[in-house]
Amino acid sequence: KVQSAKCKVTIQSSKLRKLFCNEKYLLNNPKIKSINLCRERPCSTAGSLPAKLAISLKSKILTVYQESFPAVFDGIMAGVVLGDKSLIPKDFWDKLKATGTLHMMVASGMNIAMFSGGVLSLLCALFVRRIALLVLISLIWFYTLMVGFQPPIVRAAIMASLIYVGQFLGRQTEGGRILLATGLLMIFLSPELVFDVGFQLSFLATGGLVWIQPKIKNTVIASPPNRR
């Protein structure tokens with residue numbers, strides 16, 4: 001039995017401790033301030049300092065969205081940028097499900113690509129490139145922590161980290177090998193991801209960009225349209 005009041009949750013069964021009392025659950029539910037388990041030690045918002053900072057920053061960003069955008073639009077922003085669905089009204093949620101567009105309300109790996117590209121340019125203006133790469137990798141994983149380690153973001157974070165580590169070491173990287181290594185690592189750490197739809201779609205989409213898109217591009221370039 002789960003009881004909640006004023007952003008505090010009390011769980012009447014210690015069997016649910018593993019499910020609820022962890023940083024990932026709390027990061028995905030920033031409105032929950034603490035979890036109290038009967039006959040167990042209360043679980044704070046998060047154990048580590050980075051997680052506490054991530055939850056605090058995420059809550060502040062959600063507040064900014066609520067104050068800056070009208071209803072529905074604040075939920076869209078929160079869903080796309082942070083992968084948080086708490087601001088999406090139920091009626092709008094039902095419409096998204098009915099139209100098959102619910103998958104748009106999630107943080108995608110594209111967020112990492114856009115974030116890392118712009119931030120790296122800024123960091124390179126402040127530090128030497130190797131230091132900038134290390135700072136960028138740290139920021140990428142902080143963002144991944146803030147959105148709650150959602151599979152598409154984790155996939156993009158691992159791939160970006162491997163690419164930037166390669167640049168740091170002066171090594172060339174190949175997208176296909178990095179994608180395969182990322183997938184195997186994630187499945188090794190969390191085998192249940194094999195059945196996660198977000199994980200499957202993320203890798204299929206990225207695989208299409210890595211392996212299929214170049215072949216299509218080369219075919220189009222090699223076979224220009226006939227001109228009369």
**Student:** Under 4.5 Å between any side-chain heavy atoms of L53 and P50, yes or no?
**Tutor:** no

**Student:** Under the 3.5 angstrom rule, does the side chain of T101 hit a backbone N or O of K97 as a donor-acceptor pair?
**Tutor:** no

**Student:** Identify the heavy atoms of A156 and G109 that sit nearest to each other, and give their distance.
**Tutor:** CB-CA, 3.5 Å

**Student:** Ignoring hydrogens and angles, state whether a donor on the side chain of R155 or S202 is under 3.5 Å from an acceptor on the partner side chain.
**Tutor:** yes

**Student:** What heavy-atom pair brings V81 and A107 nearest, and what distance separates the two atoms?
**Tutor:**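 Closest heavy-atom pair between V81 and A107: O-CB, 4.1 Å.
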
**Student:** If Ile, Leu, Val, Met, Phe, Trp and Tyr residues are connected whenever their side-chain heavy atoms lie under 4.5 Å apart, and connections chain through other members, are M114 and V80 in the same group?
**Tutor:** no

**Student:** Indicate yes or no: at least one non-hydrogen side-chain atom of Y143 is less than 4.5 angstrom from one of V147.
**Tutor:**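 The answer is yes, as the side chains (C-beta and beyond) meet within the 4.5 Å cut-off.
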
**Student:** For A113, does its backbone N or O pair with a side-chain atom of S116 as donor and acceptor, under 3.5 Å?
**Tutor:**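 Yes; judged by distance alone, with no hydrogens or angles, the pair exists.
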
**Student:** Drop me the distance from L162's CG to R177's CZ, to the nearest 0.5 angstrom.
**Tutor:**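 Reported value, rounded in 0.5 Å steps: 13.5 Å.
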
**Student:** If you take all heavy atoms of D196 and P151, which pair is closest and at what distance?
**Tutor:** OD1-CG, 3.8 Å

**Student:** CZ/F115 to CD1/I153 distance, rounded to the nearest 0.5 angstrom?
**Tutor:**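 Result: 11.0 Å between the selected atoms.
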
**Student:** Between I140 and Y164, is a side chain to side chain contact (heavy atoms under 4.5 Å, CB included) present by the stated rule, with each step listed?
**Tutor:** CA-CA 11 Å; I140 287 173; Y164 291 130; 4.0 Å; yes

**Student:** Could you report the tightest heavy-atom contact between L82 and Q150, atom names first, then the distance?
**Tutor:** O-NE2, 4.0 Å

**Student:** Nearest heavy-atom pair of L179 and M159: which atoms, and what distance?
**Tutor:**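 What the structure gives for the nearest pair is CD1-SD, 3.7 Å.
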
**Student:** Enter the distance from L134:CG to F168:CZ here, rounded to the nearest 0.5 Å.
**Tutor:** 4.5 Å

**Student:** Would you sort out whether L62 and S59 count as a side chain to side chain contact (heavy atoms under 4.5 Å, CB included), showing the intermediate values?
**Tutor:** CA-CA 5 Å; L62 290 175; S59 298; 5.5 Å; no

**Student:** Distance from E174 atom CD to Q172 atom CD, nearest 0.5 Å?
**Tutor:** 11.0 Å

**Student:** Taking D84 for its side chain and G75 for its backbone only, find out whether a donor-acceptor pair lies under 3.5 Å.
**Tutor:**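 It does not hold such a pair.
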
**Student:** Got a donor-acceptor contact below 3.5 angstrom from the S161 side chain to the A157 backbone?
**Tutor:**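 Judged by distance alone, yes, a pair lies under 3.5 Å.
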
**Student:** Is there a continuous path of hydrophobic side-chain contacts, each under 4.5 Å between heavy atoms, that joins L145 to V119?
**Tutor:** yes

**Student:** Answer yes or no: is there a side-chain heavy-atom contact under 4.5 Å between L96 and M104?
**Tutor:**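 Of all side-chain heavy-atom pairs linking M104 with L96, none is under 4.5 Å.
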
**Student:** How long is the gap from CG on L204 to CD1 on I212, to the nearest 0.5 Å?
**Tutor:**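 Going from CG on L204 over to CD1 on I212, the span is 9.0 Å.
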
**Student:** Is it the case that the side chains of R129 and Q167 hold a donor-acceptor pair, with the cut-off being a distance below 3.5 Å and no angle test?
**Tutor:** yes

**Student:** Could you go step by step and tell me if I88 and V72 meet the side chain to side chain contact (heavy atoms under 4.5 Å, CB included) rule?
**Tutor:** CA-CA 6 Å; I88 300 177; V72 177; over 6 Å; no

**Student:** Run the salt bridge (Lys or Arg N to Asp or Glu O under 4.0 Å) check on K95 and D91 step by step: do they pass?
**Tutor:** CA-CA 6 Å; K95 291 178 181 178; D91 57 340; 5.1 Å; no

**Student:** Taking the six-membered ring for Trp and the full ring for Phe, Tyr or His, determine whether the centres of F203 and F199 are under 6.0 Å apart.
**Tutor:** yes

**Student:** Starting from I137, can I reach F127 by hopping between I/L/V/M/F/W/Y residues whose side chains sit under 4.5 Å apart?
**Tutor:**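 Yes, one cluster joins them.
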
**Student:** Answer yes if F142 and I131 sit in the same cluster of Ile, Leu, Val, Met, Phe, Trp and Tyr residues linked by side chain heavy atoms under 4.5 Å apart, and no otherwise.
**Tutor:**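 Yes, F142 connects to I131 through the hydrophobic network.
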
**Student:** Is I187 reachable from V197 through a run of hydrophobic residues whose side-chain heavy atoms are each under 4.5 Å from the next?
**Tutor:**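 In one cluster: no.
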
**Student:** Given L133 and L120, is the side chain to side chain contact (heavy atoms under 4.5 Å, CB included) satisfied, shown in steps?
**Tutor:** CA-CA 7 Å; L133 289 172; L120 181 59; 3.9 Å; yes

**Student:** Distance from W141 atom CH2 to F149 atom CZ, nearest 0.5 Å?
**Tutor:**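 Atom-to-atom, W141:CH2 and F149:CZ are 7.0 Å apart.
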
**Student:** Closest heavy-atom contact between A78 and L87?
**Tutor:**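 Shortest heavy-atom contact: CB-CD1, 4.1 Å.
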
